[in-house]
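What you are looking at is a predicted structure, and each value in this text was computed from that prediction instead of being measured. Order of appearance sets the numbers: ligands from 1, and atoms from 1 within every ligand.
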Amino acid sequence: MSRGPCVAALVGNPNAGKSALFNALTGARQKIANYPGVTVERKAGRMLLPNGEPVELVDLPGSYGLDATSPDEEVTRKVIMGEQHGQAQPDVLVIVLDSSNLEQHLVFAQEVLELGRPTVVALNMVDLAERDGLVIDARALQNALGVPVIPTVAVRRRGLDELAQAVAEARDRVSETAPVHRPHVTLPERRLLAHEMAHGAILSETARHRIHARMDKVLLHPWAGPPILFALLFVVFQAVFSWAAPFQDALDGLAGSLGDLVKTEMAPSLLRDLLTDGVIAGVGAVVVFLPQILILFFFILTMEATGYMARAAFLMDRLMAGVGLSGRSFIPLLSSFACAVPGIMSTRSITDPKDRLTTILIAPLMTCSARLPVYAVIIAAFIPNRQVGLVGLQGLVLFALYVVGIVGAMAVALVLRRSVTRGAASGFIMELPKYQLPTVKDLALGLFQRAWVFLRRAGTMIFTVTVALWILLNFPRAEAGQDQVNASIAGHIANGLAVVVEPIGFNRDIALALIPAMAAREVAVSSLATTYAVGAGDDATQAKGLADQLKSQWSLATALAFLAWFVFAPQCMSTIAVTRRETNGWKWPGFMLGYLFALAYLFAGATYWTAVALGLG
Ligand SMILES: Nc1nc2c(ncn2[C@@H]2O[C@H](COP(=O)(O)OP(=O)(O)OP(=O)(O)O)[C@@H](O)[C@H]2O)c(=O)[nH]1
Ligand SMILES: [Mg+2]
């Protein structure tokens, strides 16, 4: 028997709490959320056995069976079977069961047990079972399954020591005994057995979950459900603007006084200009949107944790089927509102390859959080902060931009499913997770992680690109009386590109911002801020903020065209890279770039000319 570090793997149905257990046992911070299909890759961490011995613990994507049909389930099967490259076969399998959903989860559990490997069972979510009025006899289940059964509550760290102890004992048995092979049974037989075992283990059941059933009746109602979802999203976008305002003003003020401080304390020099025009004006222009990002994620994380998000997927299933997608695409598309990169990765839970490809191709149309600073800067500058009836106009415009992205994605899906990714929509079965109140700790941790990601991007990529742009904007130096931006290298390039984008109403400054913004969309904001700061030179106009600069230099028609451009334009290197990885080649990322740029150009142009015709030019 090999005596390398012991390897244990967490296996089970989706949404059983595997990642929550993994985090609790290893101190990792894997994403957990209250819907199936969150984990799509294996992830290893280190946990300690009670005797202090380290064990490699592997978190796996949830699975319904070992005959893997989707790419993420394939990973689970391979790891369990020891066929995954670079991953030692687990010595111990930890089956994670949702105790309030026992019968269903016992089906896959039996299939894993039939492998005859050293196994322990974590009877997780016993708190939810109790809440729903279920009392479960872990002993009876242990006798029925023939392996140790440990009740756990991953999110409250209950039962963790006992689980670690059971893993240690199972691990010791590895070296002593040869594997016992269990008889192989068919799926219907497993279902029947699961039913019997679940009923044998459930001691009592009261009808406490009636409230939740009633909530589902309303929230999932074919007529009442969608308006509720719509209204909820509407509130979210109102909040993004109105709640963030005071915080954003404070940050804005801070950046302003920081710039003033540098200006008064340092002698005029290129370094001083780099600090004020590049770092503070440029990077600062992006950082001030942190409050908005956090408010958006507060809602997303809350909806995920409560179980409402999965209901939204259920509601959208019919609409998705209409354009040839299944409700399974909903979760990846939803994740893309945060960022298309994890969104595209989570398409691994989609079984049908064409379904999956279509979802990957339209994911960048979902409004990712990197677009928020771009939209917000333009909206704040050009859309008056007025009430229209009960709602604010700025929030309404933001909401509309999100809707245009979604409608665009659905239209593209419809076309793709009838051409390049032709095929029928596949059926959709998703178990609905239980309603839960989000824990303050998880919510705070999730927000902290988002803030960290955002600030790290600002400090690394956005900072680098902005400084590079500042250099290209400052050299060669302009002669007296000449415009510095026009004289610079960046200005020359921008003037060239401007010819191409002039027909859609874009000016030189926009052309200049679009190139560095290929790295990431927020860079458009920092680039504009830096360009205006450099262009203004040292005179009084520099005191003006970015919003005032935009207002004085752009027409409303140009601003609207710019917004339309960013709904479609594929300005994100990471998305292209992840698409290449997930589709194994350059064909589909190339296709994605082509069709999105074409749409961006078309829609920005249409917006511009319509606005001009309406007299907004
Ligand atoms: N109340 C309660 N909630 C739990 C427990 N364990 C996990 N959860 C919650 O259940 C949800 C699912 O947990 P995850 O850890 O993401 O589930 P998973 O098994 O990794 O799911 P996939 O990655 O989709 O396969 C999350 O909202 C967790 O906060 C528990 O013991 N009690
Ligand atoms: Mg998981």
Side-chain angles (χ1 to χ4, degrees), residues 9-26 28-45 57-65 68 70-77 79 94-102 104-105 108-109 121-132 134 136 138 150-160 162-163 209 212 300-311 313 328 331-332 334-335 342 345-350 430-446:
L10 294 160
V11 296
N13 284 41
N15 213 37
K18 296 176 297 299
S19 301
L21 263 180
F22 178 80
N23 287 351
L25 288 167
T26 64
R29 287 179 180 178
Q30 277 277 82
K31 176 168 171 102
I32 60 171
N34 197 7
Y35 53 77
V38 179
T39 310
V40 290
E41 276 182 314
R42 102 195 129 94
K43 163 96 185 174
L57 188 67
V58 186
D59 183 24
L60 292 172
S63 181
Y64 293 103
S70 59
D72 61 340
E73 287 178 305
E74 173 80 13
V75 171
T76 300
R77 189 186 64 78
V79 170
V94 181
I95 299 179
V96 185
L97 298 177
D98 170 356
S99 12
S100 54
N101 220 341
L102 206 50
Q104 205 175 23
H105 283 220
F108 179 48
V121 169
L123 186 60
N124 194 34
M125 304 201 182
V126 282
D127 59 328
L128 289 185
E130 279 161 21
R131 183 193 75 180
D132 292 348
L134 292 177
I136 298 175
I150 318 293
T152 59
V153 180
V155 289
R156 308 244 182 297
R157 310 189 60 90
R158 258 165 62 189
L160 296 188
E162 293 84 342
L163 187 63
H209 41 267
H212 293 160
I300 292 185
L301 291 171
T302 307
M303 290 203 281
E304 280 184 354
T306 48
Y308 182 70
M309 216 52 127
R311 266 109 190 144
R328 260 189 197 279
I331 297 286
L334 202 89
S335 316
M345 281 174 49
S346 67
T347 61
R348 290 183 193 176
S349 60
I350 302 176
M430 180 159 108
E431 54 186 293
L432 291 177
K434 287 167 295 298
Y435 287 110
Q436 281 218 57
L437 279 179
T439 62
V440 177
K441 189 179 139 243
D442 280 350
L443 207 59
L445 190 67

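- The shortest N/O to N/O separation between Met125 and ligand 1 falls below 3.5 Å.
- Here the CG atom belonging to Asn124 is positioned 7.5 Å from the CG atom belonging to Asp98, to the nearest 0.5 angstrom.
- Here's the thing with Gln436: one of its N/O atoms is less than 3.5 angstrom from an N/O atom of ligand 1.
- What sits closest to atom 23 (O) of ligand 1 on the protein, heavy atoms only, is Thr39 OG1, 2.7 Å.
- Backbone or side-chain N, O or S atoms of Ser19 reach the Mg ion (ligand 2) at under 2.8 Å.
- Taking every non-hydrogen atom of Gly37 and a distance limit under 4.0 Å, the qualifying atoms of ligand 1 come out as 24 (O).
- Interatomic distance, Arg157 CZ to Leu163 CG, rounded to the nearest 0.5 Å: 12.0 Å.
- Note that the CE atom of Met125 and the NE2 atom of His105 stand 7.5 Å from one another [nearest 0.5 Å].
- For ligand 1, one of its N or O atoms has an N or O atom of Gly62 under 3.5 Å away.
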How far apart are the C-alpha atoms of Leu60 and Leu10, what are their side-chain angles, what is the distance that settles it, and do they pass the side chain to side chain contact (heavy atoms under 4.5 Å, CB included) test? CA-CA 6 Å; Leu60 292 172; Leu10 294 160; 5.9 Å; no
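- Contact check on Arg348 versus Glu41 returns a salt bridge, with a Lys/Arg side-chain nitrogen under 4.0 Å from an Asp/Glu carboxylate oxygen.
- The CG atom of Leu97 lies 11.5 Å from the CD atom of Gln104; values are rounded to the nearest 0.5 Å.
- Polar contact check, Ala20 against ligand 1: a nitrogen or oxygen pair lies under 3.5 Å apart.
- Of the charged side-chain nitrogens involved, none lies within less than 4.0 Å of a carboxylate oxygen, so that Asp132 and Lys434 do not count as a salt-bridged pair.
- Interface of Pro36 with ligand 1, defined as ligand atoms under 4.0 Å from a residue heavy atom, comprises 24 (O).
- Ligand 1 has no nitrogen or oxygen under 3.5 angstrom from a nitrogen or oxygen of Leu128.
- Summarising the geometry, atom NZ belonging to Lys18 is positioned 9.5 Å from atom CG belonging to Leu21; distances are rounded to the nearest 0.5 Å.
- The proximity of Ala154 to ligand 1, defined as any non-hydrogen pair under 4.0 Å, involves the side chain as well as the backbone.
- Considering backbone and side-chain atoms alike, Gly17 places an N or O below 3.5 Å from some N or O of ligand 1.
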For a side chain to side chain donor-acceptor pair (under 3.5 Å) check, start with the C-alpha distance between Asp59 and Gln30, then their side-chain angles and the critical distance, and finish with the verdict. CA-CA 9 Å; Asp59 183 24; Gln30 277 277 82; 3.3 Å; yes
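- Side chains of Ser349 and Asp72: no donor on one and acceptor on the other come within 3.5 Å.
- Contacts between Ile32 and ligand 1 below 4.0 angstrom, taking non-hydrogen atoms only, involve backbone and side chain alike.
- Residue contacts with ligand 1 for Gln30 are absent, since no atom lies close enough (heavy atoms, distance under 4.0 Å).
- Of all protein heavy atoms, the one lying nearest to atom 6 (N) of ligand 1 is Asn124 ND2, 3.1 Å.
- Checked by distance only, ligand 1 and Ser19 come closer than 3.5 Å through their nitrogen or oxygen atoms.
- For a distance bound of 2.8 Å, the N, O or S atoms of Asn15 include none lying that close to the Mg ion (ligand 2).
- Contact annotation: Ala305 has no heavy atom less than 4.0 Å from any atom of ligand 1.
- The closest protein non-hydrogen atom to atom 21 (O) of ligand 1 is Asn15 N, 3.0 Å.
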Test Leu102 against Leu123 for side chain to side chain contact (heavy atoms under 4.5 Å, CB included), laying out the working first. CA-CA 9 Å; Leu102 206 50; Leu123 186 60; 3.8 Å; yes
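- Lys18 NZ, 2.7 Å is the protein heavy atom nearest to atom 19 (O) of ligand 1.
- Both the sub-6.0 Å distance and the 45° axial angle are not jointly satisfied by Arg131 relative to the ring of Tyr435.
- Within ligand 1, counting atoms from 1 as listed, the ones closer than 4.0 Å to a heavy atom of Val153 are 30 (C), 31 (O), 32 (N).
- For ligand 1 and Asp127, the ligand atoms under 4.0 Å from any heavy atom of the residue are 1 (N), 2 (C), 30 (C), 31 (O), 32 (N).
- From Lys441, atom NZ reaches atom CZ of Arg156 across 9.5 Å, with rounding to the nearest 0.5 Å.
- For Ala33, every heavy-atom contact with ligand 1 shorter than 4.0 Å involves the backbone, none the side chain.
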